[in-house]
S.K.: 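Sharing a structure below in structure tokens format, with a few things to ask.
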Amino acid sequence: MITPYCVKPEHSSPPSTQSFFTFFFRQKLEKASGCCVRCRWREGLRHWIRQSDYAPYFYDNGPSSKHGNMALCSISEDTPVGTQIYILNGTDPEGDPVRYGLTFEMGSKEYFRVDSKSGKVTLIQELDREKLDEISVLVSITDGRNKVVETVRVFVTDANDEPPEFQNLPFIIDIPEDTAPGSSIYRVQAADRDMGSGGSVSYYLQTSPFAKFTIDGNSGILKVKPGETLDYETTPTHFVTVVAKDGGGKYKGKQQVLTSTATMTINVLDAQDMPPSFIGTPYFGYVYEVSVPGSEIFTVYAKDGDQGKPNPIQYSIMNGSDGVFDINSTSGCITLSIYPTLLRNELYEIIVKASEVGPKDQQLDYDVTTVTVRVVDLNNHPPTFYGHNGPQSNFEVTMYEHPPAGEILRGFKITVNDSDQGANAKFKLRLVGPSRVLRVVPQTVLNEAQVTIIVEDTSGIDYEKGKTLSFKLLAVEIDTPERFSATADIVINLLDTNDNIPKFTAEYYIARVPENSVGGSSVVSVTANDPDSGPWGEVKYTIYGSGSDLFAINPSSGLISTQPWTSLDAEVRSKYNFYVKAEDSEGKYSLSEVFVTVLDMNDHSPAFDEKLLEKTMIIGIPVRVEAVDEDAESPNNVIEYSIMTADPDNAFDINADTGDIKLKPYIKSMEIVQNITKQKDCKWSLVVQARDRGSPSFSTTAVVNIDITEATPLKGPMAAFLLKSRDNPMKALGMVTVVISILVGVTALISAGMYMRNSKSNRIMPARRIIKRRPRDQQPWIFNMPVVQFSNPADKFLIVNQERSPRPKPPPPSAPPPPCITRPYERARAVPTISGVLASKGSKKAKSNRRKEGNISSALVSELKKKLEQKMIESNQGYY
């Protein structure tokens, strides 16, 4: 039986009628579940909802929310592209996942993009409220089966991004110059498309220290500044810069104020407020002796000060003419009314009036000036040059170049004359031509003078610069209105001298010649120029200096080539330098140095010392093979080493640059070596190639036999030396020989020094031979001569005393015997001896003992000398 109530506490209340209906409707489900009526009702309700498919829907959170269906959403026009501006949010009644969409009407620009899963809406186009302030968008939500589409409006809010714009450009204003100060002359208008404070406009003028205008900041009315007046004659046009500024607003999160500028052109219209004025004052006129009535003396000119609308000018003479001068009222031309011979004064000052004529022919403002008229003699004779035969305009002379400075060109005989009198006969002389070469004396002449031309710059008179010098001699009047002048041509024909030395085109010449060039090959061509003419300009070339014997030069052309027998070898000598001499016919010469580089050619092959090389290699230490290339330069003498063949194969590596041969890294012990060779004899062979880098490249090969062994436990510097010299025993032998030679030399020097010191200490000065008669009762002296024995090489420096028999009594006269004779009444004295032994270097104590023994010997020798001298004196006294 079905239980109508559930045993669960939360389900203890009885179900409703609708629940029972669902219960009876879903009996099979009840049998399957085995639960109460409420549980079966809820499970049936869920099944019924699943069978009923409802459409999803958006949440409507209002226009101020950033979540929902985007209805009445607003966005600022300065929002950056890529900003998330909204999140579409909705749900599905069945709880199915939903996706979002966003589209625009056909033909319209797409401003937004939505992520279908998250509903995040992003701005993809820049906004401009002034162009589009409302955007229509189709938003959609779907659960995969049902789709809901809604049309929403997005409002674009304003940002302060538009500057004010002036209206009615350009601003060109015409105003009279007599406009009163403070008068309004123009209204400036500007519009700003922004809204709010950003759309309000105010005005101001850019400041200027000479501003004559002002503007109302709110209305934009331009006025003449109070206290200022306009003046057409001073400034006919004014340029004023007006600035329009908006009220400011936010743009991209920051407050900003935008401005615009425009230039106003204000033309000032002239008004009749300036009098006329004369132009070009002061005025001077002259009356000459040849003048006739009606001759023009001078023309005055005046113009109205009001240049915008000038009035015509009328001229008249107020005073000073004395009835002898008239003036044209329209042109202002002053003329002579009588003959000059009837003039009573030499100077007239005429007062001339210039008046404005109004529209009704009435005279308005006027100006007055003075015209000074001087009566002068007629200047009708220009200066004239004269030669030997009268008036002359061409003077010519022939001379050698480079005359000394200050020399007078006596070949010219020139006279200048002006027949007028007084100021009309005063003129200046001027020489026109090469600057500061010649000067003329005198420079100022009255009536007549002899013209002298003097050399000022001797370097400018150079035949090589020009065979002919041309000048213009000018005579120009100074104080005359006519400024009459005369011109004469001065021509100087130059003769050449040998004033130049040959000059090389370069201080030195650099040449390069291959070492395999045949004899007589061209090396370089030198050139020296001598601008002198004739034989003086002919250049002869010679060469001299160290290394020049291998080269020859063509004495005429300067072409340097190798001697026919010359064979250049860069390995012997690659650099030559010598001097080349360029000499003219009188022995004037100059020198230049030539540097010749012999270019090395790859003409030598690398060579090993021997074709078969024997090497001993300790495992882990490379051995080196070395080849020599006798070429002089890189890359011809740069050698690369390589292994051609080896036995065994793939056992050695070689350094291509140094020639160091080493075993492969895997060969680390003699066991590996013996395993490779399968025998105890570890002597391997390889063929090494040495190739140079020249072009063409040469190579040579050598067979290298390498005896492989392991390192010995030798230590110390001698072991290291022997280890390094294992492949070159002669090197080790030479080093030992040098060491032994040094030791022998040091020993010899020490021995010689000791011998010289000892011999100097034992030196006895010879005594004077005195004949003395010996008393009868006196015993004869006995002297034991020392005998040198050489039984032992070390005893060569030992002196040994040997006993000898007494010497017989010498017959007189005889020299006194040595003072070493033993007397009966005296005790025997020992004769000191010095012995030396050449021994090896001893200790400091032994040296000290030897030094002490030497001092004792020296003391004994000194005492012996004193006693001998005393005995000789006594013997001499007894003899006499």
Side-chain angles (χ1 to χ4, degrees), residues 275-305 312-357 363 365-386 391 415-430 442-449 473-487:
S277 61
F278 284 96
I279 306 301
T281 59
Y283 296 140
F284 297 95
Y286 299 92
V287 177
Y288 302 101
E289 59 183 353
V290 294
S291 299
V292 297
S295 298
E296 179 180 346
I297 304 303
F298 196 82
T299 300
V300 297
Y301 175 68
K303 66 177 182 179
D304 189 358
I313 303 298
Q314 188 177 43
Y315 302 95
S316 62
I317 295 177
M318 297 179 63
N319 194 8
S321 68
D322 293 342
V324 297
F325 298 99
D326 294 326
I327 188 170
N328 187 298
S329 62
T330 303
S331 64
C333 179
I334 301 175
T335 58
L336 182 65
S337 59
I338 63 175
Y339 285 97
T341 56
L342 301 177
L343 298 176
R344 298 178 181 180
N345 302 323
E346 294 183 357
L347 185 66
Y348 294 89
E349 292 185 351
I350 305 172
I351 307 301
V352 178
K353 176 182 178 182
S355 303
E356 288 187 42
V357 179
Q363 290 190 355
D365 289 339
Y366 65 91
D367 190 17
V368 176
T369 188
T370 300
V371 179
T372 301
V373 179
R374 183 184 299 275
V375 180
V376 296
D377 182 28
L378 181 64
N379 183 24
N380 53 0
H381 294 91
T384 305
F385 292 102
Y386 294 88
T415 303
V416 63
N417 175 270
D418 191 328
S419 301
D420 290 321
Q421 300 298 320
N424 293 335
K426 187 177 181 180
F427 55 92
K428 281 187 175 182
L429 290 177
R430 186 158 60 101
Q443 294 185 352
T444 302
V445 180
L446 183 63
N447 290 117
E448 184 175 308
L473 182 60
L474 303 180
V476 183
E477 291 180 346
I478 301 175
D479 297 328
T480 63
E482 295 82 7
R483 294 291 180 126
F484 288 139
S485 63
T487 304

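Excluded from the calculations below are hydrogen atoms, water molecules and symmetry mates; all remaining heavy atoms, backbone and side chain alike, are included.
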S.K.: Should we count OH of Tyr386 as having more than 12 external heavy atoms under 6.0 Å?
M.R.: yes
S.K.: How about Phe385 and Leu429: do any of their side-chain heavy atoms sit closer than 4.5 Å?
M.R.: yes
S.K.: Which atom names give the shortest non-hydrogen contact between Asp479 and Ala423, and what distance separates them?
M.R.: CB-CB, 4.3 Å
S.K.: Any heavy-atom pair between the side chains of Ile313 and Glu356 that's under 4.5 Å?
M.R.: yes
S.K.: Nearest 0.5 Å, please: how far is CG in Asn424 from CD1 in Ile478?
M.R.: 12.0 Å
S.K.: Taking all heavy atoms of Pro340 and all of Ser291, pick out the closest pair and write down the distance.
M.R.: CD-O, 3.0 Å
S.K.: Once the angle between the rings of Phe298 and Tyr283 is folded into 0 to 90°, is it parallel (under 30°), tilted (30 to 60°) or perpendicular (over 60°)?
M.R.: tilted
S.K.: Would you say Glu296 has more than 12 foreign heavy atoms packed within less than 6.0 Å of its CD?
M.R.: yes
S.K.: Looking at every heavy atom in both Val416 and Ala475, which two are closest together, and how far apart are they?
M.R.: CG2-CB, 4.2 Å
S.K.: Find the distance between NZ (Lys353) and OG (Ser329) and round it off to the nearest 0.5 Å.
M.R.: 13.0 Å
S.K.: Could you go step by step and tell me if Arg430 and Val476 meet the side chain to side chain contact (heavy atoms under 4.5 Å, CB included) rule?
M.R.: CA-CA 8 Å; Arg430 186 158 60 101; Val476 183; 5.5 Å; no
S.K.: Taking Ile334's backbone N and O only, do any of them form a donor-acceptor pair with Tyr315's side chain (distance below 3.5 Å, no angle check)?
M.R.: no
S.K.: So how far is it from Asn417 CG to Asn447 CG, rounded to the nearest 0.5 Å?
M.R.: 7.0 Å
S.K.: State, with a plain yes or no, whether a side-chain heavy atom of Val287 is found less than 4.5 Å away from one of Phe325.
M.R.: yes
S.K.: Could you go step by step and tell me if Tyr288 and Glu482 meet the side chain to side chain contact (heavy atoms under 4.5 Å, CB included) rule?
M.R.: CA-CA 12 Å; Tyr288 302 101; Glu482 295 82 7; 3.8 Å; yes
S.K.: If you round to the nearest 0.5 Å, how far is OH of Tyr301 from OG of Ser277?
M.R.: 9.0 Å
S.K.: Are Ser337 and Asp326 close enough that some pair of their side-chain heavy atoms sits under 4.5 Å apart?
M.R.: yes
S.K.: Could you pull out the closest heavy-atom pair between Val357 and Gln314, with the gap in Å?
M.R.: CG2-CB, 3.9 Å
S.K.: Would you please name every residue forming a side-chain hydrogen bond (donor to acceptor under 3.5 Å, both in side chains) with Ser331, sequence neighbours left out?
M.R.: Asn328
S.K.: Return yes if some donor-acceptor pair links the side-chain N/O of Glu477 with the main-chain N/O of Phe484 below 3.5 Å, else return no.
M.R.: yes
S.K.: When you compare the side chain of Pro481 with that of Phe284, does any pair of heavy atoms fall below 4.5 Å?
M.R.: no
S.K.: Considering only heavy atoms from C-beta outward, does the side chain of Leu336 approach that of Leu343 to under 4.5 Å?
M.R.: yes
S.K.: Are side-chain heavy atoms of Thr372 and Glu349 found at a separation under 4.5 Å?
M.R.: yes
S.K.: When rounded to the nearest 0.5 angstrom, what distance separates OG1 in Thr370 from CD1 in Ile350?
M.R.: 10.0 Å
S.K.: If you apply the rule side chain to side chain contact (heavy atoms under 4.5 Å, CB included), what do you find for Thr444 with Lys428, and how did you get there?
M.R.: CA-CA 4 Å; Thr444 302; Lys428 281 187 175 182; 4.2 Å; yes
S.K.: Please examine the side chains of Pro293 and Tyr339, heavy atoms only from C-beta on, and report whether any two atoms are closer than 4.5 Å.
M.R.: yes
S.K.: Looking at Val324, is its backbone amide N or carbonyl O close enough to the side chain of Ser321 to form a donor-acceptor pair, meaning the two atoms are under 3.5 Å apart?
M.R.: no
S.K.: For Ile327 and Val300, what are the C-alpha separation, side-chain angles and deciding distance, and is it a side chain to side chain contact (heavy atoms under 4.5 Å, CB included)?
M.R.: CA-CA 9 Å; Ile327 188 170; Val300 297; 4.2 Å; yes
S.K.: Can you tell me how far the CD atom of Glu448 sits from the OG1 atom of Thr384, to the nearest 0.5 Å?
M.R.: 10.5 Å
